[in-house]
Amino acid sequence: MRIDILTVFPEMFQEALSGSIIGKAREKGLIKINVYNIRDFATDKHRMTDDYPFGGGKGMIMKPEPVFAAVEHVLEDAKGKPARVILMTPQGKTLDQDTVRDLAEEEHMIIICGRYEGIDERIRCSLATDEISIGDYVLTGGELPAMVLVDAVTRFVPGVLSEETLISESFTSGLLDYPQYTRPREFRGMAVPDVLVSGDHEKIRLWRRKQSLARTLERRPDLLDMASLSEEDLKLLDEIKKEKFSDLTREDPGNEHD
Ligand code: 9D3
């Protein structure tokens with residue numbers, strides 16, 4: 001997969017995209033990432049990338065010409081083969097794992113990072129094929145969102161993650177992780193659950209699955225509705241609900257004199 005990132009802050013990407021997993025994927029040639037400075041495609045004397053908004057108002061707007069020139073340069077370099085042109089914008093579709101999986105199948109992604117108070121509408125409507133946000137909070141630009149997107153997509157590129165990781169991920173997909181522990185066996189009075197040191201692999205598997213289901217039920221019940229659950233999962237969920245109910249009746253002081 002080829003990824004080209006267009007930004008006015010190319011330095012922001014150097015560290016982020018050379019870390020362990022992405023760095024190794026790049027070294028192995030599984031992904032090729034180029035970062036372009038949009039300013040290098042500005043042709044005016046001051047190499048301006050932003051300008052005042054027509055109609056007035058505060059803040060500056062990203063100019064269309066350098067962004068169009070940068071995208072066209074990249075497409076020519078890719079010998080005219082089509083690419084997904086992704087605009088990082090607060091108005092985009094919120095990134096989720098289904099979108100990540102879809103994008104990971106692409107041969108070529110061009111990511112445009114917005115800055116300033118906004119970007120010229122003509123970039124959005126005639127250059128971008130996709131508009132993506134990473135969530136409902138305001139950041140200072142599209143650079144961090146672009147890094148989030150590249151990180152998430154890279155994990156799905158064949159060869160980047162081990163077979164094991166992918167299998168365990170597909171098995172737990174849609175559920176929250178179970179609690180994990182490493183040494184020491186006891187830390188500041190907090191002990192590792194006995195089941196994890198029991199050596200009984202079937203008991204450990206069931207405990208972990210039940211913990212995943214319980215956490216998901218507690219914190220993200222919306223995810224449970226979408227997860228594909230086995231007969232065993234439904235049985236574990238039943239146990240969890242019964243245990244929770246008995247906890248409630250035990251702790252409810254109103255029941256003490258029943
Ligand atoms: C929504 C606020 N906008 C209305 C005045 C101004 C504005 C604020 C911040 C416009 C752009 C930005 C910069 N943010 C992004 O470019 C961005 C973003 C984000 O802020 N949150 C989540 N995902 C993304 S993707 C790109």
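Ligands are counted one by one from 1 in listed order, and the atoms in each one are counted from 1 as well. All residue numbers refer to positions in the sequence shown, counting from 1. Predicted, not measured: the structure shown is a model, and the values here were computed from it.
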For [X], the ligand 1 atoms whose distance to one of its heavy atoms is below 4.0 Å:
X      : answer
Ile132 : 25 (S)
Thr89  : 25 (S), 26 (C)
Glu117 : 5 (C), 6 (C), 10 (C)
Val138 : 8 (C), 9 (C), 20 (O)
Ile134 : 22 (C), 23 (N)
Gly142 : 15 (C), 16 (O), 26 (C)

So, [X] and [Y], do they make that salt bridge, N to O below 4.0 Å?
X      : Y      : value
Lys241 : Asp238 : no
Asp4   : Lys32  : no
Glu121 : Arg124 : yes
Asp194 : Arg185 : yes
Asp151 : Arg155 : no

Nearest protein heavy atom under 4.0 Å from atom 4 (C) of ligand 1, yes or no: no
Under 4.0 Å and counting heavy atoms only, is there anything from the protein next to atom 10 (C) of ligand 1? yes
Do me a favour and list the nearest non-hydrogen protein atom to atom 13 (C) of ligand 1 with residue, atom name and distance? Leu139 O, 3.4 Å
Can Ser230 and Glu232 be counted as having a side-chain donor-acceptor contact under 3.5 angstrom?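 No - no donor-acceptor pair under 3.5 Å links their side chains.
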If we ignore angles and hydrogens, is there a donor and acceptor under 3.5 Å between the side chains of Lys203 and Ser198?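 Judged by distance alone, the side chains do not pair up.
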Between ligand 1 and Tyr137, is the shortest N or O to N or O distance under 3.5 Å? yes
N/O of Pro90 under 3.5 Å from N/O of ligand 1, yes or no?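 Looking only at distances, the answer is no, because the N/O contact criterion of under 3.5 Å is not met.
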Check each of Pro145, Gly141, Gly114, Gly135 against atom 24 (C) of ligand 1 and report the one with the nearest heavy atom.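 Nearest heavy atom to atom 24 (C) of ligand 1 lies in Pro145.
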Please find the pair of heavy atoms, one from Pro145 and one from Leu139, that lie closest to each other, and give the distance. CG-CD1, 3.5 Å
